[in-house]
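Chain letters run A, B, ... following the sequence lines, proteins first, then strands; residues in each count from 1.
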Amino acid sequence: MSEQTIPHRFDPTDHAGDLQKTYADLADGESTGLEVTVAGRLMLKRDQGRLVFGTLQDATGRIQLFAQEKTTPEFSDFSALHLGDWVGVTGEVIKTRRGELSVRVAQWVRLAEARRSFPDKWHGISDTDTRYRQRYVDLWVTEEARQTFLLRSKVMSLTRRWLEEKDFLEVETPVFHPIPGGALARPFTTHHNALDLDLYLRIAPELYLKRLVVGGFERVFEIARVFRNEGLSTRHNPEFTMLELYQAYADYTDIMVLVEELVAHLAQEILGTTSLTYDGQDLDLSVPWRRATMRELLLEHAGLDVDLDTPREELVAMCEQHEVPVKDHYGPGKLILELYEKTTEPKLWGPIFVTDYPQEVSPLSRDHRDQPGWVERFEGIVAGRELCNAFSELVDPEEQRNRFSAQESEKAAGDAEAMVVDEDYLRALDYGLPPTGGLGIGMDRLVMLLADTTAIRDVILFPTLRPEQGLAD
RNA sequence: GCGCCUCUAGCUCAAUUGGCAGAGCAUCGGACUCUUAAUCCGCAGGUUCUGGGUUCAAGUCCCAGGGGGCGCACCA
């Protein structure tokens, strides 16, 4: 084809999806008399000699291009376009005799050349590696991928709006942390040259957000990219997105209501219902969700009647019976949590709030108001997956210091994920944190739930992969 | 990190027991004025992931390495 200059800008007047909606009822063979300009990628081409049909796809959908030799300038160049080329087209909106809404090409310009040939126009890409590495191609040829990411965008947008309507303030806190905190996880490390300072990528924004409540922002939230130096799986990516929010004067029961209402709202807005299926199983998200304590569920699903004063030998025996590995420094709380995770959690489908965790395994949660040794904490299990973690926040600086100290002991005992003392956070608590409810939701998993996909990589545009070998040559 | 599976043309896939590496789409050349994955004719396209080994002969069998997937473990 002849040399064509690619313009520096272009002005489409319409999108394919809108035109399809507007002219759905146009009769076969009719013309609208309306001239439009559309732009997008040429996905299909049907060359008839003196007549060429193309299928143009833009951000909203597809529309046919109808080019005739006698009315389309540089017709032979048009018919020589490659699949995958970007074009801008001006012409009248018509419906062909065979009933396909089309733009009759009166002017056109190539907006980009596809120098690499597009994947098979029927089969697309089936190799997941290629789909994740070359998402820019995947989004064109895999409609479900497109839909999933549009859904993700809606989830984020609706969540923001919903929280803002409830007077939550969106904030941004540091990604670089001098002390990793707010969760039990192994951090990534990095280094700032000018300060000659080792820094950690955040594993959670929690401690900074609670500082803001101390600072008087009564309701704050952050949609935070967090980083954990752990394994990859269908449910784990080293960087993922967590919604954390803190609400002054609230406790964990308020947060349960907030979670179930938010998730039900998102399902209703996006899917039009709170009754959905996930991975082939029914899931009813309508409120209220069941609440049950960890102890109740251990009894219900595993027949284990345990408490913090159960003799250690008995707890250890139960662990051995259920093939739970036991370490010497595990206290009763840790043993009970391990038993729960091994025997009970896998049986939960939900939605359900599992409430009241052992204090021993919850260094940032407030003591239960009438269950000594337990804390006011819950996890939401939805579709068999842990969706969120929340608690009445620990507000007492003395008690918080004790919890940090216990974590230091864990660290000394070899737990790489244990927390370290954050003196500035303790100083903030010294200034007074009011009663506060806090929440963390894994947004990637929430999107997976609503998109009915079982792989986290299907909801992350560019998931973490090994760098490709031999690409630069 | 461990176990199982997988890797063939740009894409989707074949190749019998170990016996000449093939097709469709895309690309390239040609025909065609209402197609819908258009159709038809023709050309070209390969380090069968890499490196070893067994064999007269390896895409196929064996060993090592690499990429990917799934499961386990850690975790959200």
Side-chain angles (χ1 to χ4, degrees), chain A residues 1 28-29 42-55 62-72 75 79-85 94-102 104 114-134 137-138 140-142 182-186 203-204 224 226-244 323-325 341-342 345 379-382 385-390 415-417 439-446 448-449 454-457 463 465-471:
Chain A
M1 84 183 281
D28 295 355
L42 186 68
M43 299 303 285
L44 295 169
K45 194 178 71 176
R46 296 173 289 280
D47 189 341
Q48 304 283 319
R50 291 188 169 80
L51 178 64
V52 172
F53 299 92
T55 299
R62 292 182 164 198
I63 191 163
Q64 181 167 265
L65 303 178
F66 180 89
Q68 290 167 292
E69 186 177 42
K70 61 185 178 188
T71 58
T72 297
F75 177 80
S79 69
L81 284 168
H82 289 180
L83 296 188
D85 282 351
I94 61 163
K95 192 162 266 186
T96 59
R97 282 180 230 154
R98 295 290 173 84
E100 186 73 30
L101 192 71
S102 309
R104 197 203 322 257
R115 294 179 174 220
R116 292 174 186 261
S117 52
F118 248 52
D120 190 287
K121 61 193 176 189
W122 186 244
H123 298 99
I125 311 175
S126 66
D127 180 29
T128 51
D129 186 41
T130 308
R131 290 189 47 216
Y132 300 145
R133 286 187 198 279
Q134 301 183 41
V137 179
D138 183 45
W140 283 105
V141 302
T142 312
L184 302 169
R186 301 181 65 171
I203 56 176
V226 298
F227 308 86
R228 298 189 182 176
N229 206 339
E230 286 156 358
L232 294 81
S233 80
T234 49
R235 289 177 288 280
H236 301 90
N237 197 63
E239 55 177 305
F240 63 101
T241 303
M242 196 153 71
L243 165 68
E244 283 207 8
E323 297 176 330
V324 176
E341 287 181 348
K342 179 77 176 190
E345 196 179 53
E379 289 190 356
I381 305 289
V382 183
R385 286 141 214 268
E386 198 180 313
L387 181 73
C388 67
N389 185 19
D415 184 352
E417 295 175 358
L439 165 70
I441 292 187
M443 295 303 281
D444 310 274
R445 290 187 179 177
L446 183 54
M448 287 167 69
L449 182 73
T454 56
I456 197 168
R457 287 173 165 185
L465 300 169
R466 264 200 184 79
E468 205 169 347
Q469 301 293 311
L471 186 60

**Asked** Taking side chain as C-beta onward, heavy atoms only, is K121(A) less than 4.5 Å from M43(A)?
**Response** no

**Message:** Distance check, P atoms only: C2(B) and A38(B), in whole angstrom units.
**Reply:** 48 Å

**Request:** Answer yes or no: is there a side-chain heavy-atom contact under 4.5 Å between R235(A) and I456(A)?
**Result:** no

**Message:** Which nucleotide, if any, forms a Watson-Crick or G-U wobble pair with U39(B), using both distances under 3.5 Å?
**Reply:** A31(B)

**Request:** Using a heavy-atom cut-off of under 4.0 Å over every strand shown, decide if Q64(A) touches base, sugar-phosphate, or nothing.
**Result:** base

**Item:** Side chain of S233(A) - closest among A26(B), G68(B), A73(B)
**Value:** A73(B)

**Prompt:** Is R46(A) close to T55(A) at the side-chain level, that is, under 4.5 Å between some pair of heavy atoms?
**Reply:** yes

**Atom C1', compared across G24(B) and C70(B): separation rounded to whole Å** = 30 Å

**Prompt:** Quick one: R133(A) CZ to C11(B) P, roughly how many Å, whole number?
**Reply:** 13 Å

**Request:** In whole angstrom, give me the gap between the C1' atoms of C61(B) and C25(B).
**Result:** 33 Å

**Message:** From CG of D120(A) over to C1' of A23(B), roughly how many Å is that when rounded to an integer?
**Reply:** 12 Å

**Along RNA chain B (nearest heavy atom to each residue), the more 5'-positioned of H123(A) and E230(A)** = H123(A)

**Message:** At 4.0 Å (heavy atoms only), tell me whether S126(A) reaches a base, stays on the sugar-phosphate, or touches nothing.
**Reply:** sugar-phosphate

**Request:** Could you tell me which nucleotide pairs with A44(B) by Watson-Crick or G-U wobble geometry, both distances under 3.5 Å, or answer none if nothing does?
**Result:** none

**Request:** Determine the interatomic distance between C1' on G65(B) and the same-named atom on C72(B); round to the nearest Å.
**Result:** 24 Å

**Prompt:** Nearest-Å distance, CZ (R104(A)) to C1' (U33(B))?
**Reply:** 13 Å

**Euclidean distance for P, U60(B) against G51(B) (whole angstrom)** = 13 Å

**Message:** Using whole Å, what does the distance between atom C1' of nucleotide U27(B) and atom NE2 of H82(A) come to?
**Reply:** 7 Å

**Prompt:** The side chain of Q68(A) lies closest to which of these nucleotides: A26(B), C11(B), U33(B)?
**Reply:** U33(B)

**Prompt:** In Watson-Crick or G-U wobble terms, both distances under 3.5 Å, what is the partner of C25(B)?
**Reply:** G10(B)

**Message:** What contact category does N237(A) fall into here, base, sugar-phosphate, or nothing, at under 4.0 angstrom with non-hydrogen atoms?
**Reply:** base

**Request:** Pick the P atom in A31(B) and in U16(B), then give their distance to the nearest Å.
**Result:** 40 Å

**Complete:** Picking from G67(B), U33(B), A26(B), the nucleotide nearest the side-chain atoms of K70(A) would be U33(B)

**Message:** Is any side-chain heavy atom of P238(A) closer than 4.5 Å to one of L232(A)?
**Reply:** yes

**Prompt:** Is a donor on one side and an acceptor on the other found under 3.5 Å between the side chain of D85(A) and the backbone of A114(A)?
**Reply:** yes

**Asked** When rounded to the nearest Å, what value does the distance between C1' atoms of G18(B) and A57(B) take?
**Response** 8 Å

**Request:** Provide, to the nearest angstrom, the distance between the CD atom belonging to E100(A) and the C1' atom belonging to A37(B).
**Result:** 13 Å

**Asked** Judged by atom type as modelled, is there a donor-acceptor pair below 3.5 Å linking the side chain of D47(A) to the main-chain atoms of V52(A)?
**Response** no

**Sugar-phosphate only, base, or nothing, as touched by G84(A) at under 4.0 Å among non-hydrogen atoms** = nothing

**Item:** C1'-based separation of A15(B) from A58(B) [nearest Å]
**Value:** 13 Å

**Test item: T454(A) and T234(A) side chains (from C-beta on) under 4.5 Å apart, heavy atoms** = no

**Asked** Within the structure shown, what part of the strands sits under 4.0 Å from T234(A) by heavy-atom distance: base, sugar-phosphate, or nothing?
**Response** sugar-phosphate

When you compare the protein's N or O atoms with those of nucleotides 29-32 of chain B, which come within less than 3.5 Å of each other, and at what distance?
residue	atom	partner	partner atom	Å
C32(B)	N3	D47(A)	O	3.3
C32(B)	N3	G49(A)	N	3.2
C32(B)	N4	D47(A)	OD1	3.3

**Asked** Starting at the 5' end of RNA chain B and moving along, which residue's nearest nucleotide shows up first, K95(A) or M242(A)?
**Response** K95(A)

**Item:** Within-4.5 Å side-chain heavy-atom neighbours: F66(A) and E100(A)
**Value:** no

**Asked** With both distances under 3.5 Å as the test, what is the Watson-Crick or G-U wobble partner of G65(B)?
**Response** C49(B)

**Asked** Which whole-number value in Å describes the distance from K121(A) NZ to U12(B) P?
**Response** 16 Å

**Heavy-atom check, side chain of V137(A) versus side chain of I125(A), under 4.5 Å** = yes

**Prompt:** Between the side chain of R186(A) and the main-chain N/O of N229(A), is any donor-acceptor distance below 3.5 Å?
**Reply:** no

**Prompt:** Whom does C70(B) pair with, Watson-Crick or G-U wobble, provided both distances fall under 3.5 Å?
**Reply:** G3(B)

**Fill in**
Atom CZ of R46(A) and atom C1' of C25(B) are separated, to the nearest Å, by 15 Å

**Request:** For R228(A) and C74(B), give me the distance from atom CZ to atom C1', rounded to whole Å.
**Result:** 12 Å

